[in-house]
Structures are given as structure tokens and as C-alpha cells.
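Report on one structure; see the data block that follows.
Treat the numbers as computed from the prediction; the structure is a model and nothing was measured.
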Amino acid sequence: MRLILRGGGSTMAIAAGLLCSTPALSQAAPGAGSTPASPSAAGSASTTNVPAAPQSSDVADTASQTQQSSTGGSASGDAASADTSADVVVVGVKAALATSQNIKKNADTFVDSITATDIGAFPDKSAAEALQRVPGITVNRLQSADDSTHPSGEPTGVLIRGLTQVRTEFNGRDSFSADSARGLNFNDVSPELLAGVDAYKNQTAEMIEGGIAGTVNLRTRLPLDQRGLVVTGNFRENYGDKSDRWTPEFSGLISYSADTGIGRFGLLADYAQSHVVTRTESVIMDKIDTYCTAGFGTPAAGNVTDGSIGCTANPFGGTGFAFIPDGVRFSQVDYDRKRRGMAFAGQFENNAGTLRATVQYTDSHYRNAWLERASHVIFEGNYFGTPAFNPRTSSVLGPAPGTPALVFGADGMLQSGTITQAHGSFSGTYDSVQAAINAGSAVPGLPFVNYCGAGVCGDNPRDGIYLQNEARNFAHREGTRDLSGNIRWDPTERLHLNADIQYINASTYNNDILVAAGSMANAQYAVNKDGTPQVTLLPGSNVNYAAGGLSNPHNYWIPFIQGHVEDNDGKEFALRGDAEYEFEDGGWLDSLKVGARYANRRQTVRYSTFNWTSIAANWNCNGPGFNADNTTGGAYPTNTGNCGGNAGHPDFQGYGAGIWESYDMGGFYSGGTYPNGQLVYLNRPTLQDFGGLISALGAARNAPILPGYTAICERTEATVDDCFTQGEVLRVRERAEAAYAMLRFGGTDKTIFDTINVVGNVGIRAVRTKVDSEGSIAFPSATVFNNLQPCGTPLSGNNIVNISCYLTPQIRAFANGGVTPDTFKSSHVNWLPSFNVRFGIDDKDFLRFAYSRAISRPDFGFLRNSVAINAPIINTTPGSPYIVYNAPNAPQTAANVTVLSV
């Protein structure tokens, strides 16, 4: 019996292991030949030749030794024939690093590998975190690649050499998450299930196409990797200092292999479960607004001198450019991530070692519910859609009355000041006291923002700036299930055959809801030593608060509610066959390998709009719907000019009770960055009770701005799959047909200039991709012409045409609000050559060269087939695009009649 001591450990970890019978075989990456290069990887689909190193402290230095150790002992266990009863083999980080080095050395192309020991030794929670330690690999730490406002506590994706077009594989086969992208979300994968991770930075002809940046292959364990019974498990507790939570994670593996009269059988089961609660805090400045009143030229054509654009004055009294963020967002997100992974495998190998069959099943399930409180301090608040170079010649911003001027640094960036905005953005505040009260009031008899007409507030009155406290619940879950089979057969010593089959089923679901609470305050701005903006909220100029100020929900309104739903699924069936023939020894040609692959992937992406809905607003006559905590309701006022639109508005029904909380971010960013005590947010019990939230704030409440908020799945137009419109659903079928040929040359005994060893491969891969995208054509709404005057109505004002007179029945029928199904088809062929060579200067120094042509297919979201025909612009003035005038250079004509009397 051999005792194997596994090295490595981690804080708060308890591990137990029992390993019996003969020693473990080496763990290798998937092999390149018709079969993987080593028995331990034979269940994987063929990827590229990365022979294994022995699992001991003595690591083979040459390719021939490595190949021998990876294939030897597969039949009767030659290594076990020796007397090993007294051996103690320590397998730790040193051996793991040597194994990775050997894989890198003997691979067909550029590859970096991390073994299971590496992953266990690092304090990492995912394969992506371990991969970030590999040269040339970085990770994406945003919750979504297109959302820079939500950093993630754990990596969500991998970049190779800074490029995002990374292909992901599981055991050398295709793998993906069911979203609008194409690859696998690394958060899905439990690192405890993995035997290793390989990062390929170039291509060979046998590799599955799809990664311009490279390919990451995740390898799971197999039962014939070790002999006899192996039982191991671990338990760990994780503590987050920001979340102040302890959470568990545990895993267990049982593997058994036995020799019989017909061959060796093995079974393996692996289970891992992890729960991690993290908190991320971020301070994010919106787009930096640029201010200049003279010397820059024009926004369309700046005056460029010596590579820069000059400025001689700005609206704040300076002589150069001034810069102020359009707003600052202080965000605190609590992530509650749960992950469960299972892997099962069965293997058989005959006594001769010429036939091996492998069946593998993996099931990974990932849930990440995150709750956010974010306070968005808005300065200008209108950067969206503006060009990159957009000098502002004026600004509503300025210092609060009685405070010093805003201070800018030598670089023009705002450093300090108490910021307010010019009076007048709140409805009715220049009309009358009653009009201002009708717009919104927190104190009986007083408007929320003072009436400042007729000079009652002095010259150039100032108001507090706008503040929005956002509460968000993002419920996310996804899973990927993979069933595969592989058969490797060696009919002769030189001919190797490999067949592979795979089925994938993946799903993703997101339910996202955000509710904002808005108020006003003066913003005392400063910059901390690390450059982080600090904002202290002060009572707003010309703002009348109820008792409690910004901690009282009565001093807030609801600017908007936003919802979003995503419900995706994807399936793929793939077949692959490879054949390799090894040439006789003595020549420069080593082997010829050919193969073909077919994959049929169907993916449905159901991605709703973000239905941003205004509930109450500073520009609106909000009446009783102004105060976020008003549960009693009432009639909307119509007695002032700013409230004329309320005529016929149904009575306000009151918002739900007990839905708000006053929350103090306290030690946010270790304190000092947002020291504002308790602020109001929608409370988390309401946020997590979706039905209760809609009941408290939905359309039935008759909010100030109609129609109010309607949940995504309650929209009348959402008739597809119970929740979506036709244009929000993407159905794509993608078929990939590939064939390749690869010639290996050189070897350990092939040299040039007598001393330089040469090993390499050259090949070509042909790929045909067929895409069918099911979509729709949406026509304008049938109500688009409802507001037109009937034909024959006299023209008035600047109108010169009545469109109704030209609307034919065919035009009216065209604008019927209907949707017509539409299918887009495409097909293209790519030829992908590759060449890889390794020069061995000596036993330890090598020089590699690789050339390959690669493709990266577009994300599935870019394959959307959706056309919306917009409603026509209704313009009856001389500028109407529908009026055709005589050509300007055509001569005038006339019919002349003359009556002559003599």
C-alpha cells in the first residue's frame, strides 16, 4: 500500500482523505492524437498534445520520458509491479508546478496549465481566480461586461492578452452559458471538480475553432486516474469582513477502479457546494463634463495647437478648461452567491490498453442574488448621449449662497465647494406659491421648493441639487448540464481512432427590479487623499423639509421604477471523429492526423426591455402622489396652470405602507467618503417580495405620471412565452461543420545544426458555419394617425398640408401594430491554417514559434433578427419631408389668354 500525502492548505479549512491501493496515475491535459495523450485524459475530446508529468517529486525532463509515464501502466500496472509498500510520495505545490511546466514544454502550441494542486493551494474561489496568476491572462471583475457600475467580488470572465474573444471548453469539448454571449461564465464552475485548467494562447488544426484570443479548457477528474478506492472530502468556512458573514463550502469525491479478467473498470462521483456572501463598495463618477466659454473653437471643430485644444475662459471664472463629474454614484452591493456542482464518470480500458471508453456527466448550478443600495448625487445630470468632446459654455451649477466659489485644481478638475443649481427646475416655483405646493409639498402650507417669482428669493436664487437613492434586487440563476461519451481505439500500434459525442443543456434566468427615491440637498464636495470624491449632503437651498430631513421618506418622491427579465436556454449536440497514423521511425514526419466535427446548437434568448417608468417628477404637478410615504391617496389638483394635465386623472390610491427604510452606510469606503447618516431606500423585504412591491407601487396606485409602473410580464404586448414581446425573443440555430488535417514532424531525436532539437506541426482546418435566426418585423401602431384632423379641416397657423387627405387604405392597413415572423439565413466558410514549431536549444531552454488563423463567431445577442418600422414623423409645416416642391431651377410656366378689342 502506498500512502499519498497531498500538500497545501487554506485558512478555516478542514480536509479529510483516504486513498487506497496502488499509486495515482499522472493527471494530464487532454491529448492530441486520435486519443488524448494520457490514460488519465482519455475521456476528453481531443484538444492538443500536452503529455503529463508523473505525479511525484521526480518529474520527467524529456518528452520521451513524459510520454512513457503517461501511457505506461495502463494495462497491468507496470509501475505497481515493483515493491512500493514502504514508499511515501509527497505531492505538493512543487510537483504541481513541475507538472504544469512539463505540459507547457511538450504541448503542440503555446499553453499554460494549472493542476488541481495549484487550485487547491491558492485561496481562490473559482478557476478564473486561479487563471489570473498565469502570464498574459487577466480577469473581468465586473458583474456584467457591459456594466461598469457594478464591480464583482469574484471574476466573471477571462481575457487572454487583453482580448475578450476567449473560447471555453469542458474536457476539450464545447461549453457555454445560456446568455446573449457565447462562452461559459466561469462562476458556473466549482473549482473543486477540476483536475486542471489549460489556457491555450494559439491554435492547432485539431483544436475546435472559435477563440481568437485563445482557449481555456477546464478538465475534470476521471476514475482511471488512480487505482483502487479513493475517498476524499473537505469543509471550509469563509468569512467576509465587509459582509460580516460566515458561509460554508464543502466537497467530496469517491472514486473506485478495479482490474477484471477483461480489463479495468472505474467509477467516480464528485460533489461540491459553495456559499459566499460578499459586499462590494464603489464610488463611480459619471462622465466628466467639460466647461469652456472661449478659445476652444467649436464643438464640431476644436482649435488644435500642438496636439491640444486651448481654452481661455470657463463659466466659473477661470481661464482654462474646468471639469466636473456629471454626477457621483456611491454604491453598496451585497452578493449572495450559491454554487453547486456534480461530476460523474465511468471508464473501461481493456487489458491490452488499446481500447478505452469514457462516459462523463457534469451538472453545474449557480445562483447569485444581489441587493444594492446606491446613492446617486446628480450635478448637471444630462450627459447621456452627448459627444466625447462637448465643451459646455454655461452651467446651472454654482456655489450655495454664502459659501466660497468652487475651487478647481491645476488640472481643471473640481476640488471643493458646496454645489447648488439655479432655481427653476421644479414645477410651479416661478408661477405661484400654490402652483409650487401642487407640484410637491412635505410641510403643510409650504412647497417642497420655494416659490421664487417676483424676486422674493433675491437675485439669482439657488436650489439644492437632485439626489436619487436606488434600491435594487437582481435575482440571477444559471446552470449547465453536459453529457458526453468517448471511445479511443488503437487497431494497430500506429493507427489510433477516436470518437466523441456530446449533449449540452444550459439555462439562465434574471429578474431585475430597481426603485429610486428622490430628494434635494446641497452637496459639499471634496477630494480625499486617494482622489476619491467625498460628498456631504447639507439642507438644500430653498427646500422645505419635514422633520427628519433626508432620513424621513416624507421628504422623498419616487422618480422611477425599472424592471427587466431575462429567460434563456440553449442546447447543443456535437459529434467528432479523429484518426491518426504514426509513420515509421527514422524520418522527419512523425504522424498525420485527420478529423471531422459536427455541432448543432440551438439557443433562445428572451431579453426584455428595461422598462424605465417615471412615477413622479420635479417637472410634474404631483399633488398627493409626491410624498413616497403617502398611503392615504387623494385627488390631483387642477387649479393652477402647471396642473392642467391632471384633468381626468384618476384619484391617487396611496402607496403601500411600511415599504421604506432609513439606512446609514456608516463605514462606507472605510468611512469619510459619504458621511451622511441615514438616507431613505425601499426596504429589502419589499424589494425581495416582487408581488408585494407591484401591489405597493404598481399601476393600480394611479401614480402622478400615468400609466404608472407595469411589471414586465404584465404588459399587454408581452404575449410571447408569457413575458416577452416578439422583438424581445431571439431564436438562433447554428450548425458548425469542420474538417482538418494536421501533420506532426520532428521529434526528440531530430536536430538541425547538430544540436537544436525540432518538434512541430502544420495543418489546415476548414469550417462551414450556418446560421438561422428567427425574428420578426414590427409595424407601426394602428393609433399613429389617431390625432390627425379629418380631411377637409381648414388649415391653421403654419400648416400647409393635411396628411389625412393622402392616407390611402393601404397606408392605414400598413400601420396596424402587427408583427410578421421573419427568418434570416447565412452561411460562410473559413480556412484556418496553422503552424507550430519548438526549437530545443538544450534540455531546459526552448524557443517556440506559432502562426495560426482563427475565427471568433459573434455573440448570440448580435445575431438578433428584429426589424421595427418606426412611426412616421407628423409634420404639416413647410419643413415637412412629405411635401414635394418644384425643382428650384425649373422655369415657371403659364397659360396666357388674351382678349383684344380694336
How would you list all residue pairs meeting salt bridge (charged side-chain N to carboxylate O under 4.0 Å, His left out) that involve [range], not counting sequence neighbours?
{"range": "residues 511-531", "answer": "Arg472-Asp512"}
{"range": "residues 660-676", "answer": "Arg373-Glu661"}
{"range": "residues 285-309", "answer": "Asp289-Arg392"}

Considering non-hydrogen atoms only, spot the tightest contact between [X] and [Y] and give its length.
{"X": "Ser441", "Y": "Asn627", "value": "O-ND2, 3.0 Å"}
{"X": "Ala439", "Y": "Phe626", "value": "O-CD1, 3.8 Å"}
{"X": "Ser331", "Y": "Val333", "value": "OG-CG2, 3.5 Å"}
{"X": "Val515", "Y": "Trp660", "value": "CG1-CH2, 4.3 Å"}
{"X": "Leu142", "Y": "Asn140", "value": "N-OD1, 2.9 Å"}
{"X": "Ile705", "Y": "Ala617", "value": "CD1-CB, 3.8 Å"}

Does [X] use its side chain to pair, donor to acceptor, with the backbone of [Y] at less than 3.5 Å?
{"X": "Asp859", "Y": "Phe862", "value": "no"}
{"X": "Asn611", "Y": "Gly563", "value": "yes"}
{"X": "Ser308", "Y": "Thr305", "value": "yes"}
{"X": "Asp241", "Y": "Asp244", "value": "no"}
{"X": "Gln415", "Y": "Met413", "value": "yes"}
{"X": "Ser519", "Y": "Asn555", "value": "yes"}
{"X": "Asp326", "Y": "Gly381", "value": "yes"}
{"X": "Thr429", "Y": "Asn450", "value": "no"}
{"X": "Ser177", "Y": "Asp179", "value": "no"}
{"X": "Ser551", "Y": "Ser662", "value": "no"}

Mind checking whether [X] and [Y] have side chains closer than 4.5 Å, heavy atoms only?
{"X": "Leu697", "Y": "Thr686", "answer": "no"}
{"X": "Phe560", "Y": "Leu514", "answer": "yes"}
{"X": "Ser152", "Y": "Thr280", "answer": "no"}
{"X": "Phe474", "Y": "Glu372", "answer": "no"}
{"X": "Asn620", "Y": "Trp557", "answer": "no"}
{"X": "Ile309", "Y": "Phe321", "answer": "yes"}
{"X": "Phe426", "Y": "Cys452", "answer": "no"}

Using a distance-only test with no angle check, is there a side-chain donor-acceptor pair under 3.5 angstrom linking [X] and [Y]?
{"X": "Glu566", "Y": "Thr508", "result": "no"}
{"X": "His554", "Y": "Asp629", "result": "yes"}
{"X": "Ser274", "Y": "Arg337", "result": "yes"}

According to ring pair (Phe, Tyr, Trp, His ring centres under 6.0 Å), who are the partners of [X], at least two apart in sequence or on a separate chain?
{"X": "Phe389", "answer": "none"}
{"X": "His150", "answer": "Trp370"}
{"X": "Phe610", "answer": "His564"}
{"X": "Tyr509", "answer": "none"}

Exercise for the section: Evaluate the side-chain contact (heavy atoms from CB on, under 4.5 Å) criterion for residues Tyr556 and Asn469: first the C-alpha distance (whole Å), next the side-chain angles of each, then the deciding distance (0.1 Å), finally the verdict. Expected result: CA-CA 10 Å; Tyr556 289 79; Asn469 295 334; 3.5 Å; yes
Practice task
Apply the test side-chain contact (heavy atoms from CB on, under 4.5 Å) to residues His275 and Val277: give CA-CA distance (whole Å), side-chain angles for both, the deciding distance (0.1 Å), then the verdict.
Solution key: CA-CA 7 Å; His275 182 200; Val277 176; 3.7 Å; yes
Fill in the blank from the handout: Sorted by chain and number, sequence neighbours left out, salt bridge (Lys or Arg N to Asp or Glu O under 4.0 Å) with Arg340 holds for Asp363
Fill in the blank from the handout: Hits for salt bridge (Lys or Arg N to Asp or Glu O under 4.0 Å) against Arg684, two or more places apart or cross-chain, chain-then-number order -> Asp334
Measuring from [X]:[atom1] to [Y]:[atom2], what's the distance to the nearest 0.5 Å?
{"X": "Asn390", "Y": "Tyr383", "atom1": "CG", "atom2": "OH", "value": "13.5 Å"}
{"X": "Ile615", "Y": "Asn622", "atom1": "CD1", "atom2": "CG", "value": "11.0 Å"}
{"X": "Leu679", "Y": "Asn552", "atom1": "CG", "atom2": "CG", "value": "12.0 Å"}
{"X": "Glu237", "Y": "Thr247", "atom1": "CD", "atom2": "OG1", "value": "7.0 Å"}
{"X": "Tyr239", "Y": "Arg245", "atom1": "OH", "atom2": "CZ", "value": "11.0 Å"}
{"X": "Phe690", "Y": "Asn473", "atom1": "CZ", "atom2": "CG", "value": "9.5 Å"}

Handout entry: Residues Arg329 and Glu470 bridged, charged N to O under 4.0 Å
Key =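 Yes, charged N to carboxylate O under 4.0 Å.
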Problem - Heavy atoms from other residues, nucleotides or ligands near CG of Asn460 exceed 12 (cutoff 6.0 Å) - result: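 Atom CG in Asn460 is not crowded, with 12 or fewer foreign heavy atoms closer than 6.0 Å.
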Problem - Verdict with reasoning, Tyr607 to Asn510, per side-chain contact (heavy atoms from CB on, under 4.5 Å) - result: CA-CA 9 Å; Tyr607 191 95; Asn510 295 324; over 6 Å; no
Problem - From Val134, Leu184, Val166, residue fulfilling side-chain contact (heavy atoms from CB on, under 4.5 Å) relative to Val216 - result: Val166
Exercise for the section: Not counting sequence neighbours, which residues clear side chain to side chain contact (heavy atoms under 4.5 Å, CB included) with Pro401? List them please. Expected result: Arg462, Ser541
Handout entry: Evaluation steps, side chain to side chain donor-acceptor pair (under 3.5 Å), between Glu281 and Tyr674
Key = CA-CA 11 Å; Glu281 295 177 344; Tyr674 199 57; over 6 Å; no
Completion exercise
residues 295-320 vs ring-ring contact (aromatic ring centres under 6.0 Å, His included), sequence neighbours excluded, gives Tyr291-Phe316, Phe316-Phe408
Handout entry: Check against side-chain contact (heavy atoms from CB on, under 4.5 Å), Leu550 and Tyr545
Key = CA-CA 8 Å; Leu550 293 177; Tyr545 301 101; 4.0 Å; yes
Practice task
With sequence neighbours left out, write down each residue that passes side chain to side chain donor-acceptor pair (under 3.5 Å) with Ser425, or none if nothing qualifies.
Solution key: Tyr466
